[in-house]
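Heavy-atom basis, side chains included; hydrogens, waters and symmetry copies ignored.
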Amino acid sequence: MERYAGALEEVADGARQQERHYQLLSALQSLVKELPSSFQQRLSYTTLSDLALALLDGTVFEIVQGLLEIQHLTEKSLYNQRLRLQNEHRVLRQALRQKHQEAQQACRPHNLPVLQAAQQRELEAVEHRIREEQRAMDQKIVLELDRKVADQQSTLEKAGVAGFYVTTNPQLMLQMNLLELIRKLQQRGCWAGKAALGLGGPWQLPAAQCDQKGSPVPP
C-alpha cells in the first residue's frame with residue numbers, strides 16, 4: 001500500500017513539474033517577442049525549453065539575483081574609485097595653478113618668460129601623468145567587469161542554464177538577453193517573493209496570465 005501511495009506521489013510530482021515547465025516555457029516565449037527579431041531567431045524552442053527546465057526549482061533565480069547584487073556592488077566600487085581619482089586630479093590641477101600664479105607674482109619681469117616656459121613643461125608633464133592614470137583606471141575597470149562577466153557565465157553554466165559558457169564573442173549579447181528574460185520572468189510573478197519563484201509555496205502563473213486579483217485568465 002505504501003509503495004502504491006509512493007508511486008502515486010511520484011506521478012503527481014511529475015505532473016506538477018510538467019505543468020511548471022509548460023508555464024515557464026509559455027512565459028518565456030511571450031517575453032522573447034519583446035526582443036529584437038535578430039535575437040528571436042537565435043532563441044530556438046529547444047533553448048527556451050532547456051532554460052525553462054533549469055528554472056523549475058527556482059535555484060537559478062536566486063543565483064541570478066546574487067550575481068546581479070555582486071555586479072552592482074562591483075560597479076559602484078569601480079565608479080567610486082574613478083570618482084576619487086578624478087577628484088585627486090582636480091585637486092592636483094588646482095594646486096599646480098595656485099603654485100604657478102604665486103611664482104609668477106613673485107618673479108621679476110625679465111625672468112618671467114623663462115619661468116612661464118618651465119611652468120608650461122611642468123603643466124604638460126602633470127597632464128600626461130593624469131591621462132596615463134585615467135587610462136590605467138579605465139583599463140582596470142574594463143578588466144574587472146570582464147572578470148565579473150566571466151564569473152557570471154561560469155556560474156550559470158555550472159547551474160545548467162542553457163546558452164551560458166565563458167565567451168567574449170557575439171554569443172555574449174545572446175547571453176545578456178537570456179539573463180534579461182530570467183529577470184523579467186522573476187519580476188512578472190503574480191506574487192512577490194519565493195512563492196512567485198516556486199520556492200516557498202504553490203507555483204503561480206506569470207503576471208501576464210493572471211488578473212488583478214492574481215487569478216488565472218485564459219490565454
Asker: Using a 6.0 Å cut-off, check whether atom NE2 of H72 has over 12 heavy atoms from anything other than its own residue.
Answerer: yes

Asker: G160 and A54: which non-hydrogen atoms are nearest, and at how many Å?
Answerer: O-CB, 3.6 Å

Asker: Using a strict threshold of under 4.0 Å (side-chain N to carboxylate O), is an ion pair present between E132 and R135?
Answerer: yes

Asker: Which residues satisfy the side-chain contact (heavy atoms from CB on, under 4.5 Å) test with Y165, sequence neighbours excluded?
Answerer: E157, T167, Q171, Q175

Asker: State whether the number of non-hydrogen atoms from other residues, nucleotides or ligands found under 6.0 Å of R147 atom CZ is greater than 12.
Answerer: yes

Asker: Might you point out which heavy atoms bring L56 and H21 nearest each other, and give the distance in Å?
Answerer: CD2-N, 3.5 Å

Asker: Could you go through R183 and E180, starting from their C-alpha distance and side-chain angles, then the distance that decides it, and tell me whether this counts as salt bridge (Lys or Arg N to Asp or Glu O under 4.0 Å)?
Answerer: CA-CA 5 Å; R183 291 181 62 190; E180 186 64 17; 3.7 Å; yes

Asker: To the nearest 0.5 angstrom, please state how far the CD atom of Q17 sits from the CG atom of D57.
Answerer: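 CG of D57 is found 8.0 Å from CD of Q17.
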
Asker: I need the minimum non-hydrogen distance between I70 and K148, along with the two atoms involved.
Answerer: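 Closest pair (atom of I70, atom of K148, distance): CG2-NZ, 3.9 Å.
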
Asker: If you apply the rule side chain to side chain contact (heavy atoms under 4.5 Å, CB included), what do you find for L51 with L55, and how did you get there?
Answerer: CA-CA 6 Å; L51 178 57; L55 298 173; 4.1 Å; yes

Asker: Do you reckon L35 sits in the same ILVMFWY cluster as M173, going by side-chain contacts under 4.5 Å, direct or chained?
Answerer: yes

Asker: Are side-chain heavy atoms of L181 and L43 found at a separation under 4.5 Å?
Answerer: yes

Asker: Report the C-alpha separation of E124 and Q120 in whole Å, then their side-chain angles, then the decisive distance to 0.1 Å, and conclude whether the side chain to side chain contact (heavy atoms under 4.5 Å, CB included) test is met.
Answerer: CA-CA 6 Å; E124 290 174 356; Q120 181 61 31; 3.2 Å; yes

Asker: Determine whether the side chains of Q71 and E75 contain a donor N or O and an acceptor N or O closer than 3.5 Å.
Answerer: yes

Asker: I'd like to know if L68 and L145 are part of one continuous hydrophobic network [Ile/Leu/Val/Met/Phe/Trp/Tyr, side-chain heavy atoms within less than 4.5 Å].
Answerer: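 Different clusters.
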
Asker: Any chance you could measure T47, atom OG1, to L174, atom CG, to the nearest 0.5 Å?
Answerer: 7.5 Å

Asker: Check each of L178, V60, L179 against V161 using the side chain to side chain contact (heavy atoms under 4.5 Å, CB included) test, and report the only one that passes.
Answerer: V60

Asker: So, Q98 versus Q94: side-chain donor-acceptor pair below 3.5 Å or not?
Answerer: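 On atom types as modelled, these side chains do not qualify, holding no pair under 3.5 Å.
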
Asker: Is L156 linked to V166 within one hydrophobic cluster, defined over Ile, Leu, Val, Met, Phe, Trp and Tyr using a side-chain heavy-atom separation of less than 4.5 Å?
Answerer: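 Result: no, two separate clusters.
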
Asker: Under the 4.5 Å side-chain heavy-atom rule for ILVMFWY, direct or indirect, which residues accompany L92?
Answerer: L96, L123, V126, I130

Asker: Hey, what do you get for CD1 (I141) to OG1 (T74), rounding to the nearest 0.5 Å?
Answerer: 11.5 Å

Asker: Under the side chain to side chain contact (heavy atoms under 4.5 Å, CB included) criterion, do L185 and F61 qualify, and how do the steps go?
Answerer: CA-CA 9 Å; L185 192 61; F61 287 111; 3.9 Å; yes

Asker: Quick one: does any side-chain atom of S49 pair with a main-chain N or O of Y45 as donor and acceptor, under 3.5 Å?
Answerer: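 Between the backbone of Y45 and the side chain of S49 there is no qualifying donor-acceptor contact (under 3.5 Å).
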
Asker: Quick check: closest heavy atoms across L112 and C107, and the distance to 0.1 Å?
Answerer: N-SG, 3.6 Å

Asker: Can you confirm whether the side chains of Q119 and Q104 place a donor and an acceptor under 3.5 Å from each other?
Answerer: yes

Asker: Side-chain contact test, heavy atoms from C-beta onward, threshold under 4.5 Å: evaluate it for E88 versus E133 and give yes or no.
Answerer: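 A side-chain contact under 4.5 Å is absent here.
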
Asker: In terms of side-chain heavy atoms, does H100 have a donor or acceptor partner in Q116 at a distance below 3.5 Å?
Answerer: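 Per modelled atom types, H100 and Q116 side chains form no pair under 3.5 Å.
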
Asker: Rounded at 0.5 Å granularity, tell me how far CD in Q153 sits from CG in L67.
Answerer: 11.0 Å

Asker: Are the side chains of D146 and V142 in touch, meaning some heavy atoms are under 4.5 Å apart?
Answerer: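 Yes - at least one pair of side-chain heavy atoms lies under 4.5 Å apart.
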
Asker: Enter the distance from E127:CD to E122:CD here, rounded to the nearest 0.5 Å.
Answerer: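 Spacing of CD (E127) from CD (E122) equals 11.5 Å.
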
Asker: Tell me whether F39 shares a hydrophobic cluster with L25, the cluster being built from Ile, Leu, Val, Met, Phe, Trp, Tyr side chains joined at under 4.5 Å.
Answerer: yes

Asker: Does a donor on one side chain sit under 3.5 Å from an acceptor on the other, for Q81 and S77?
Answerer: yes

Asker: For M137 versus L85, what's the shortest heavy-atom pair and its separation?
Answerer: CB-CD2, 3.7 Å

Asker: For side chain to side chain contact (heavy atoms under 4.5 Å, CB included), just list the numbers for Q29 and V32, CA-CA rounded to whole Å, side-chain angles, deciding distance to a tenth of an Å, and then say yes or no.
Answerer: CA-CA 5 Å; Q29 289 173 322; V32 165; 5.7 Å; no

